[in-house]
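Read through the structure below, which is laid out as structure tokens, and then see the notes.
Per chain, numbering begins at 1; letters A, B, ... match sequence-line order.
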Amino acid sequence: AQSVTQLGSHVSVSEGALVLLRCNYSSSVPPYLFWYVQYPNQGLQLLLKYTSAATLVKGINGFEAEFKKSETSFHLTKPSAHMSDAAEYFCAVSGNNAGNMLTFGGGTRLMVKP
Amino acid sequence: NAGVTQTPKFQVLKTGQSMTLQCAQDMNHEYMSWYRQDPGMGLRLIHYSVGAGITDQGEVPNGYNVSRSTTEDFPLRLLSAAPSQTSVYFCASRMKSGNQNTGELFFGEGSRLTVL
């Protein structure tokens, strides 16, 4: 079965600092990987996805993630944090059931200090 | 652009009561699913459907029932509510896209359920 581990349930950065949110996955087949963002009292919104094309994936709002098979990682980064980036971020891997539904990590809440 | 619509947004139940969370999508998506979100546990799959008349269990199906009579609707039924079912519930849908899940999941805004 697929699984996802997000290291750090809470991450705090200063405005303008590098954002690094960690995600490691386990998969018995080549994975498809996703990052979603959730703003307060809202549903989840896709940030970016890896689907076996380029290993460096660019998403919305200046975020990007790099797929590293040797490390089974898909960490999310942004060079310079903005106050509006404060939200909860979820890493997900495609499942191995018939519908290939997503398996999510526990989430990382990003706080941005002025 | 309605997308995925969930109702109600908030609900308080007493232990043992039953209720149905409604989910409707207007994007003609084949796949629909229900997740529950609990602090520190991310989203866990309850049930899913790959088309009208086809449903299957996810990771945490106990205490929940689903049906898919139309492409648009995928209601989630709580048969006898328990305090452990206090959670935020999300409905999500996506297009069928080959054998692997390369498609984006579209989420509703969530239904917050409290069971006393």
Does any heavy atom of chain A fall under 4.5 Å from the side chain of [X], the backbone, both, or neither of them?
X: B/Arg112; result: side chain
X: B/Phe106; result: neither
X: B/Gln37; result: side chain

Ignoring hydrogens, what is the shortest heavy-atom contact between [X] and [Y]? Give both atom names and the distance.
X: A/Val19; Y: A/Leu21; answer: CG1-CG, 4.0 Å
X: B/Cys23; Y: B/Trp34; answer: CB-CZ2, 3.4 Å
X: A/Trp35; Y: A/Arg22; answer: CH2-O, 4.2 Å

*With respect to chain A, which residue among B/Ile54, B/Leu43, B/Asp38, B/Val4 yields the maximal number of heavy-atom pairs within a distance under 4.5 Å?*
B/Leu43
*Considering residues at least two apart in sequence or located in another chain, which fulfil the side chain to side chain donor-acceptor pair (under 3.5 Å) criterion with A/Asn24?*
none
_Gap separating the OG atom of B/Ser33 from the CG atom of B/Asp56, nearest 0.5 angstrom_ = 12.5 Å
*asked:* Report, in residue-number order, which members of residues 63-88 of chain A are under 4.5 Å from chain B by heavy-atom distance.
replied: A/Glu88
*Indicate the ring-plane relationship of B/Tyr35 and B/Phe107, choosing parallel, tilted or perpendicular according to the 30° and 60° boundaries.*
tilted
_Looking at A/Tyr89, is its backbone amide N or carbonyl O close enough to the side chain of A/Gln6 to form a donor-acceptor pair, meaning the two atoms are under 3.5 Å apart?_
yes
*asked:* side chain to side chain contact (heavy atoms under 4.5 Å, CB included), that's the test. Do A/Val93 and A/Tyr32 meet it? Break it down for me.
replied: CA-CA 6 Å; A/Val93 64; A/Tyr32 286 4; over 6 Å; no
*So which part of A/Gln45 gets closer than 4.5 Å to some heavy atom of chain B, the side chain, the backbone, both or neither?*
neither
